[in-house]
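Data first, discussion second: the structure below is written as structure tokens.
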2 protein chains.
Amino acid sequence: MNGPESMYKASQRPEAEAQRRTLERLESVCRSRGRRVTRQRRAVLRALLAQGGALTAYELLERLRVEDGHSTPAGVYRALEFWMAAGAVHRLQSTRSFILCEHPEAPHPGQLLICRECGQVVETQDKGVASAAHRLGERLGFVFDRHLVELTGVCGPCRARGRAAEAECRHA
Amino acid sequence: MNGPESMYKASQRPEAEAQRRTLERLESVCRSRGRRVTRQRRAVLRALLAQGGALTAYELLERLRVEDGHSTPAGVYRALEFWMAAGAVHRLQSTRSFILCEHPEAPHPGQLLICRECGQVVETQDKGVASAAHRLGERLGFVFDRHLVELTGVCGPCRARGRAAEAECRHA
DNA sequence: CCGCGAAATGATACATTGTATCAATCAGGG
DNA sequence: CCCTGATTGATACAATGTATCATTTCGCGG
């Protein structure tokens with residue numbers, strides 16, 4: 001979780017670099033399929049990247065309107081749908097929001113782990129869950145083409161914080 | 001899947017009996033927690049039971065209005081929320097709809113298998129999926145209290161129908 | 001370079017889904 | 001009976017998502 005970037009202490013430099021590369025990668029995937037990368041679509045991607053987490057369509061809309069006053073819901077949804085089709089964005093059904101895909105090259109059925117405290121979302125491609133789902137389908141005669149797996153709870157750091165606060169309480 | 005009831009050939013008799021028992025069971029669970037079983041709540045439960053599958057809140061509303069002209073969205077959602085809290089109804093995020101729980105006594109994290117052809121929804125309590133999810137959480141430090149697992153695809157009968165239609169096509 | 005056709009956008013209106021609020025009513029215990 | 005909390009009614013509204021159609025842009029073949 002903490003590598004060489006810890007020396008930068010929340011500075012934006014290396015993240016910015018990584019973000020630029022992420023953008024490049026997503027855009028090239030898109031172009032290679034003969035689809036256009038437009039200003040609007042890039043704006044949606046950048047907003048999600050900048051957020052570093054999930055945003056609802058209308059939160060996204062607000063941010064786009066800072067730069068482009070005549071963004072519309074339809075436009076935002078079109079861009080989101082576009083990137084979802086490309087596998088670059090996922091929709092979180094639990095929170096009606098959207099988030100950048102962290103594994104855009106791997107089209108496996110994935111899982112989204114959501115911390116209700118800090119809002120963090122971790123995307124995984126767990127073989128165990130995927131294959132258990134597949135086996136379950138086989139047993140019951142189903143063939144799935146869409147896996148919606150969203151696990152909501154509390155992440156490690158937030159649990160630790162919670163326990164600390166609790167202890168605090170007892171001492172007071 | 002097919003037991004003694006096949007001799008009735010889609011007659012309503014035994015289902016009606018089973019439904020009555022299901023209602024009783026759900027209502028008693030509810031009463032045992034000191035909550036009231038009211039006309040409105042019972043109506044919602046009965047509509048879902050009669051449907052034998054998923055309904056959106058507004059589809060439900062239409063049906064309730066047949067009997068009670070002044071049902072409102074708020075009322076429907078209140079009843080749904082009530083039964084969801086009791087574990088008797090699940091929300092399908094994939095389709096924004098609601099369905100009776102088939103295992104109201106088992107509070108395990110469950111899965112919903114959805115056939116996109118016929119709309120059938122099968123609810124399971126698969127240990128394999130649940131424990132894979134749990135292990136995944138452990139590996140990443142998460143403790144989950146909400147499992148949203150909806151697997152969408154095509155069920156066995158519908159696949160068979162699909163293949164038959166395809167063959168038909170080739171012969172034409 | 002031009003112009004064609006597909007892709008994408010703009011603009012508007014609308015559809016669907018879900019909530020907030022607050023007064024009125026109901027159900028059961030003391 | 002009256003008190004209290006649960007429930008409903010009624011209304012308005014908030015949040016989320018789509019349909020439509022005219023217009024613009026883009027990439028490409030000529």
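Each chain gets a letter, A, B and so on, in the order its sequence line appears, and its residues count up from 1.
In this structure, B:E81 atom CD and D:dT8 atom P are separated by 12 Å, rounded to whole Å. In this structure, CE of A:M84 is placed 11 Å from C1' of D:dG17, rounded to the nearest angstrom. Across the protein-nucleic acid pair, B:R78 atom CZ and D:dG9 atom P stand 8 Å apart, rounded to whole Å. In this entry the distance linking OH of B:Y77 with P of C:dA20 reads 13 Å, nearest Å. One can place CG of A:D68 at 6 Å from P of C:dG10, the figure rounded to the nearest angstrom. Rounded to an integer number of Å, the gap from B:L80 CG to D:dT7 P is 15 Å. The distance between atom CG of B:L92 and atom P of C:dG18, rounded to the nearest whole Å, is 12 Å. With rounding to whole Å, A:L55 atom CG is found 15 Å from D:dA15 atom C1'.
Here the side chain of B:Y58 is nearest to one of C:dG18, D:dT11, D:dG17, namely C:dG18. Comparing atom distances between the A:F82 side chain and each of C:dA8, C:dT19, D:dA10 picks out C:dA8 as nearest. Out of D:dT8, C:dG10, D:dT16, the shortest distance to the side chain of A:T56 is found at D:dT16. Among C:dA8, C:dT21, D:dT16, the nucleotide with an atom closest to any side-chain atom of A:T38 is C:dA8. The side chain of A:R91 has D:dG17 as its nearest neighbour among D:dA10, D:dG17, C:dG10. Of the candidate nucleotides D:dT11, D:dG9, D:dT16, D:dG9 has the atom nearest to the side chain of B:R39.
The aromatic rings of A:F144 and A:F142 sit parallel, their planes meeting at an angle under 30°, below the 60° perpendicular limit.
Residues A:F98 and A:V44 form no side-chain contact, since every pair of their non-hydrogen atoms from C-beta on lies 4.5 Å or further apart. With contacts defined as side-chain heavy-atom distances shorter than 4.5 Å, the pair A:V121/A:H90 does not qualify. Side-chain contact between A:R63 and A:L55 is present, with at least one heavy-atom pair separated by less than 4.5 Å.
Between the B:E123 side chain and the B:G110 main chain, no donor and acceptor come within less than 3.5 Å of each other. The backbone N or O of A:L23 lies less than 3.5 Å from no partner atom in the side chain of A:R42, so there is not a single donor-acceptor pair. Counting only distance, with no hydrogens or angles, the side chain of B:R91 and the backbone of B:M84 share no donor-acceptor pair below 3.5 Å. Judged by distance alone, the side chain of A:Q120 and the main-chain N or O of A:C155 form no donor-acceptor pair under 3.5 Å. Listed for the B:E150 side chain is a donor-acceptor partner under 3.5 Å among the backbone atoms of B:Q93.
Judged by closest nucleotide on DNA chain D, B:A74 is the one of B:A74 and A:T95 placed further toward the 5' end.
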Letter per nucleotide, 5' to 3', of nucleotides 23-30 of chain C [B base touched, S only sugar-phosphate touched, - untouched; heavy atoms, 4.0 Å]: ----S---
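Taking every heavy atom of residues 40-47 of chain A and every atom of DNA chain C, pairs under 4.0 Å involve A:Q40, A:R41, by number.
Residue side chain B:R96 does not reach the base of C:dG18 through any donor-acceptor N/O pair under 3.5 Å, judged by distance alone.
Residue A:R35 is classed as a sugar-phosphate contact, given heavy-atom separations below 4.0 Å to backbone atoms only.
Sparse packing is recorded around NE2 of B:H134, with 12 or fewer heavy atoms of other residues, nucleotides or ligands lying under 6.0 Å away.
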